[in-house]
Every structure is written in C-alpha cells, then in structure tokens.
Amino acid sequence: MDVSNDLICENLTAVDGVLHFAGQNTADLAQEYGTPLYLMDENRIRRQARVYRDTLQECFGDKGHALYASKACSFKRMYAIMAEEGLGVDVVSAGEIATAHAAGFPMENAYFHSNNKTDFDIAYAMDCGVGTFVVDHPEELTAINAVAGEKGVVQPVMLRITPGIDCHTYEAVNTGKVDSKFGSAIVTGDASRIVKQALDAPNVTLCGFHCHIGSQVFDSSVYIATVDVMVDFLKDMKDTYGYTTEKLDIGGGYGVRYVASEPTIDIAASIREVAAYMKEKVAAAGIAMPHVYMEPGRSIVADAGLTLYIVGAVKKIEGYKNYVSVDGGMTDNPRFALYGSPYTVLPATRLGAARDMTADVVGRCCESGDIIQLDVALPADMARGELLAVLTTGAYHYSMASNYNRIPRPPVVMLRDGASYVAVRRETLEDIVALDE
Ligand SMILES: *Cc1c(COP(=O)(O)O)cnc(C)c1O
C-alpha cells in the first residue's frame with residue numbers, strides 16, 4: 001500500500017512500515033514513554049515561528065512583529081521557546097500568564113486577550129507586568145482603568161475591533177462577524193465609542209487596534225479584506241479624533257492540514273501578499289504605517305504534534321459498523337466532539353498493510369460523542385495492543401485536555417535533533433486526587 005499520501009507533513013516518514021516523526025521511531029517512543037502520548041517536534045515549532053517572524057520583518061522591517069497565541073498549546077517550555085525565537089505571546093487568563101511568568105518569559109512582550117477578564121485576572125496581569133491589555137468592550141476598559149488607577153500605573157492597551165468579516169470557516173471558531181461575542185463592532189459605532197473612551201481614560205494609553213477573524217483560514221483574501229476594513233478604520237480614527245495608530249494586529253488563524261485532501265499554505269507568500277496590499281492601502285489613506293502584528297497559534301504548533309495510542313477493544317458489529325477503541329479519547333483530543341474536526345489516523349507500525357476495514361476510532365470515556373474520527377480505513381486484523389498514531393495534534397489538544405472520567409492527562413514529550421525529553425510529565429493517579437479535601 002502506498003503511504004506517501006498519508007504523510008501530510010514533512011516531519012513524517014515511513015521506515016520499514018513504521019511511522020517516524022521528526023526522524024524518530026514512534027514505536028520506540030511509545031515503548032519508552034507509554035501511551036497515550038503527545039509528541040512535539042521542537043524544530044518544526046521553531047521553523048514555523050521563524051516563518052512568521054522573518055517574513056513580517058522582511059515586509060515591515062522593525063515594524064513587523066509575530067506573536068504566538070499561546071492558548072493553542074500552553075506549558076512552560078513553549079513560552080521559553082517563543083522567548084528564544086523572539087516572538088511575543090498572547091495570553092488569555094491568569095493561568096496562562098502564570099505559566100509564561102514561571103517560564104521566565106519577558107512579560108512586556110505579552111498581550112492579554114479574552115472577552116471577559118475577571119477583576120482578579122486584571123490585577124494579576126498588572127502585577128506580573130503584562131505589557132499590553134487587548135480590551136474587548138467598554139465595561140472592561142472601565143475596570144482596567146480603575147485597577148490601573150488603584151495601582152498607580154498607566155496601562156498600555158489595544159482595543160479589539162470586530163471588522164464584520166465572515167471568514168467562511170466553522171461557525172464555532174468564526175469570531176470576526178458583527179454578532180461575535182468578541183470585540184467592539186465598527187458598523188454599530190461601538191468601536192468608535194470605545195476609542196473615545198480609551199483616549200479620555202487617564203490610566204490607560206491607547207496604542208492601537210486588534211482584530212482576529214477566525215481560524216483554519218486558507219485564503220489571503222480574508223486577511224486582505226480585514227486589512228481593507230481596518231485601515232479605513234484607522235483613517236477614520238485619525239480624522240475623527242486626530243488619533244495616530246501605533247500598532248495594528250490583524251490576528252491569527254492560518255489553517256493547517258489535518259487530512260491529505262486539505263491544502264498546504266505557503267504562509268510566507270501569503271503574508272507578503274497581505275503586506276503589499278497593506279502598504280498600498282496605508283499610503284492611499286495617507287496615514288502613518290503602524291507596527292504590524294500577526295498572532296498565529298495553530299499554524300505554529302499543530303503539525304508539530306502527534307498523538308500515540310494503544311488499541312484496546314476492537315468491536316465488529318456485523319452488518320452495522322466497526323469500532324476501534326484507544327487508551328485516550330476526548331480527554332486528550334476533544335476536537336472531534338467539539339467541531340467534528342477531521343484527522344488522519346494511521347496504524348503506526350503497519351503503514352504498508354492493506355487497510356481493508358472501516359472503523360470508527362473512539363476513546364474510552366463514558367460518552368458516545370467520545371470519537372477521534374469516523375470511518376477510518378485500518379487493517380481488518382487490527383487487534384488489542386497495536387499502536388495508532390493521530391496526526392496534527394499539536395494545537396488545541398494538550399491545552400484543551402480534561403480529566404473527564406478522572407483520566408490522567410498524557411505527557412508532552414519534545415523531540416529535538418534526534419533526542420527526546422519530557423516537557424510536561426504524565427499526570428498520575430495521585431495528581432488526580434490531589435485537589436480533593
Ligand atoms: C485563537 C486566537 C488566535 C490564534 O488562532 P489560530 O487559529 O490558532 O492561529 C489569535 N488571536 C486571537 C485573539 C485568538 O482568539
């Protein structure tokens with residue numbers, strides 16, 4: 001059987017029918033670290049981070065900046081890698097801030113997002129020296145201004161603007177539309193009003209605008225449409241309030257390939273296209289070129305991740321369907337349950353074998369929605385003890401993992417230059433009961 005079609009990212013190879021990831025044998029790694037197991041390819045993470053960093057610098061010089069949206073995959077080592085690569089980070093909670101801080105991340109390069117920052121989180125973020133707050137709505141701005149006043153600081157802020165763009169991806173991850181729960185919309189006049197409020201607030205400094213139109217975007221035209229609306233908005237704010245925008249963040253969202261039928265994107269080429277358009281548009285608007293930020297999450301880490309499972313129950317319901325159960329499930333990969341997301345599932349040690357059975361690959365949680373993927377082609381003699389690999393699991397897996405059914409979360413093992421190390425250890429049964437009084 002030809003497996004080349006399954007090797008959807010350049011860090012995947014087949015050696016004698018065994019899947020290798022980042023040049024390392026997945027069967028050996030499963031043996032060494034146990035399953036379920038999250039593997040991450042550190043070189044791939046760095047490579048993707050550099051594509052954004054270098055392309056934005058190439059296009060905008062010292063006004064081009066890449067941030068990593070850390071919610072995609074958040075643990076101390078990730079923040080340390082981003083610091084080493086010179087990226088800033090987006091954080092959305094005290095937990096992410098605490099993790100970045102504990103990793104020694106330079107907090108002045110952290111951007112605090114979220115549509116609902118609690119009073120605790122606002123105060124905590126200021127105490128940790130988070131550089132910039134990305135403010136979602138007027139009440140939040142009032143709260144931030146008040147806390148900054150109490151602390152005697154002037155907090156730099158950006159405002160999250162809703163440009164009203166439908167990015168034609170999944171509804172649940174589509175955030176740039178006018179009726180989104182995120183941000184202040186331009187068309188309703190809310191965006192202009194919050195700018196006025198920020199300019200008048202004594203304890204914050206307005207340093208620019210942010211928008212994010214959604215996720216799994218494969219098309220530059222979505223960003224070009226966003227730039228179009230946002231630069232018009234910058235011009236409007238200049239004309240209305242005499243305000244010169246210092247920073248413009250056009251969001252994250254570039255898509256990744258989960259299955260062979262999805263495209264790959266040349267991210268650098270796409271950024272160059274968007275940058276060229278932005279320069280023209282800014283010149284035509286007669287405004288100063290702001291610092292430009294992009295804040296990808298998924299496209300930095302997704303295909304740097306892979307999950308290994310051991311097969312347990314194989315159930316063939318004659319005349320109906322087949323199930324292959326694995327030793328993890330929605331607890332380590334909730335994305336099929338949440339979005340029906342597609343995944344590539346491979347028999348990791350028998351890549352060359354005929355795949356003459358169709359089965360639903362399911363987890364071990366007491367929940368019928370605990371599905372990794374439907375209708376997966378696998379060898380008909382698949383049996384207990386065999387190794388399965390699920391590709392492209394670096395984004396929104398570990399960071400969305402839960403302890404449902406009191407299942408311990410898998411470790412994250414990093415692969416780098418032929419070696420491996422534990423970045424997050426496996427949760428133990430002691431960890432599971434540790435919080436119970
Ligand atoms: C989630 C998110 C991102 C990252 O999106 P990806 O699709 O992972 O690139 C960037 N910015 C904001 C505000 C987000 O909410």
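Note: hydrogens, waters and symmetry copies are ignored here, and every other heavy atom, side chains too, is used. Ligands are counted one by one from 1 in listed order, and the atoms in each one are counted from 1 as well.
- If you look at His212 and His113, their ring centroids are not closer than 6.0 Å.
- Near His113, with a cut-off below 4.0 Å to any heavy atom, the atoms of ligand 1 are 13 (C).
- For Lys71, a nitrogen or oxygen atom sits less than 3.5 Å from a nitrogen or oxygen atom of ligand 1, counting backbone and side chain alike.
- For ligand 1, the polar-atom distance check against Pro296 finds no nitrogen or oxygen pair separated by under 3.5 Å.
- Under a 4.0 Å criterion applied to the non-hydrogen atoms of Tyr396, ligand 1 contributes the atoms 1 (C), 4 (C), 5 (O), 6 (P), 8 (O).
- In this structure, Tyr223 has its ring center under 6.0 Å from that of Tyr254.
- A ring-centre distance under 6.0 Å is found for His397 and Tyr343.
- With a 6.0 Å cutoff to the six-membered ring centre and a 45° limit on the axis angle, Lys279 counts as a cation-pi contact of Phe60.
- Heavy-atom proximity to Ser215, at under 4.0 Å, picks out these atoms of ligand 1: 5 (O), 6 (P), 7 (O).
- For Tyr68 and Tyr79, the ring centers sit 6.0 Å or farther from each other.
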* Trace of the side-chain contact (heavy atoms from CB on, under 4.5 Å) decision for Thr307 with Leu37 -> CA-CA 6 Å; Thr307 306; Leu37 176 62; over 6 Å; no

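- At a cut-off of 3.5 Å, with distance as the only test, a side-chain donor of Glu42 or Tyr421 sits close to an acceptor on the other residue.
- Residue-to-ligand polar distances keep Tyr254 apart from ligand 1: every N/O pair is separated by 3.5 Å or more.
- Contact annotation: for His212 versus ligand 1, heavy atoms closer than 4.0 Å belong to the side chain alone.
- Numbered from 1 in the order shown, with element, the atoms of ligand 1 that lie under 4.0 Å from a heavy atom of His210 read 13 (C).
- The ring of Phe75 has its center closer than 6.0 angstrom to the ring center of Tyr398.
- Those atoms of ligand 1 with a heavy atom of Gly297 less than 4.0 angstrom away are 4 (C), 6 (P), 8 (O), 9 (O).
- Taking only nitrogen or oxygen atoms, main chain and side chain alike, Gly253 reaches within less than 3.5 Å of ligand 1.
- Close approach of ligand 1 to Arg160 is summarised as follows: ligand atoms under 4.0 Å from at least one heavy atom of the residue are 13 (C).
- Using a 4.0 Å cut-off to heavy atoms of Ala69, the atoms of ligand 1 that qualify are 3 (C), 4 (C), 10 (C).
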